[in-house]
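One structure is given here, and the rest of the page talks about it.
If you're wondering where the values come from, they're calculated on a predicted model, not measured in any experiment. Quick note: residue numbers are just sequence positions, from 1.
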Amino acid sequence: MGYDMETYLATSQADNAQYATSVARGYHIQQADAANADGSAKCTVIRYTSFEDGGENDYQYMGDLVYTDGTSVAGTEFIYSIDKEYGNGEEVEAAMKAITGYYGIDYSRLDWVDVESRAE
């Protein structure tokens, strides 16, 4: 309540970045933002690697998706892990593509930008 889309996303993005760079201590941190064609749905996602066993296929994702109908704003937070080597990473990514796709956001076109990298 009381948030517009931009304020909500900016606050969540800052919180997630602080977590990833301090508490989670990911070695490689990336961030991406996306919106649908008319701007009624937006998401921001941050991911970091090497959180589990140092494998380059391991990712932890944290993000937020907001949607407006022009009157009210609804937001959801999500956190998920992908281990492409041993786990069900493809299924998890397919689910996230379906969720964002429902709102008209093409998850596969997220433009990942490096935020921070740490040497082991």
Side-chain angles (χ1 to χ4, degrees):
M1 296 291 292
Y3 277 95
D4 60 35
M5 290 174 69
E6 301 302 327
T7 303
Y8 177 85
L9 282 178
T11 301
S12 297
Q13 192 174 59
D15 290 346
N16 288 343
Q18 181 180 8
Y19 177 83
T21 56
S22 61
V23 179
R25 299 301 234 181
Y27 291 106
H28 186 203
I29 301 170
Q30 296 177 310
Q31 183 173 299
D33 305 294
N36 65 1
D38 66 5
S40 63
K42 298 181 179 183
C43 71
T44 180
V45 185
I46 193 165
R47 69 183 179 187
Y48 53 96
T49 61
S50 302
F51 69 96
E52 184 183 284
D53 59 9
E56 61 186 43
N57 292 323
D58 300 327
Y59 299 93
Q60 180 87 38
Y61 291 76
M62 297 180 296
D64 293 270
L65 174 69
V66 294
Y67 175 80
T68 184
D69 59 6
T71 304
S72 59
V73 175
T76 185
E77 298 178 5
F78 54 89
I79 182 168
Y80 58 102
S81 301
I82 291 178
D83 187 331
K84 292 184 178 179
E85 189 174 0
Y86 300 111
N88 60 347
E90 290 80 7
E91 294 162 6
V92 174
E93 282 192 312
M96 290 311 301
K97 288 177 183 177
I99 291 168
T100 55
Y102 177 82
Y103 294 95
I105 298 171
D106 187 352
Y107 180 88
S108 64
R109 297 186 59 122
L110 287 173
D111 185 19
W112 293 100
V113 176
D114 287 351
V115 175
E116 182 174 329
S117 294
R118 295 183 184 273
E120 289 191 55

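Remark: Q31 CD to M62 CE distance equals 10.0 Å, nearest 0.5 Å. Distance check, rounded to the nearest 0.5 Å: CE of M5 to OG1 of T68 gives 6.0 Å. Note that CD of Q30 and OH of Y59 are 7.0 Å apart. Values are rounded to the nearest 0.5 Å. For the atom pair CG (N36) and CG (D106), the distance works out to 11.5 Å, reported to the nearest 0.5 Å. Atom CZ of R47 sits about 13.0 Å away from atom OG of S81, to the nearest 0.5 Å.
Closest of all the heavy-atom pairs between V66 and G75 is CG1-CA, 3.9 Å. Scanning all heavy atoms of the two residues, the minimum distance from I82 to G89 falls at CG2-CA, 3.4 Å. Among all heavy-atom pairs drawn from A20 and I29, the shortest one is O-CD1, 3.4 Å. Between L9 and T44, the shortest heavy-atom contact is CD2-CG2, 3.6 Å.
Ring pair Y61/Y107 is tilted by interplanar angle, where 30° to 60° counts as tilted.
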For a quick test of your reading: what N or O donor-acceptor pairs under 3.5 Å do the side chains of residues 93-105 make, sequence neighbours left out?
{"from": "T100", "atom 1": "OG1", "to": "M96", "atom 2": "O", "distance (Å)": "2.9"}
{"from": "T100", "atom 1": "OG1", "to": "K97", "atom 2": "O", "distance (Å)": "3.4"}
{"from": "T100", "atom 1": "OG1", "to": "I105", "atom 2": "O", "distance (Å)": "3.4"}

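Side chain of N16 to main chain of Y19: no donor-acceptor pair is present (N/O by atom type, distance under 3.5 Å, no hydrogens or angles).
Contact check for F78 versus V45: side-chain heavy atoms found under the 4.5 Å cut-off. The closest side-chain heavy-atom distance from Q13 to D64 is not below 4.5 Å.
When the side chains of ILVMFWY residues are joined at heavy-atom separations under 4.5 Å, either directly or via intervening members, I46 and I79 end up in a single hydrophobic cluster.
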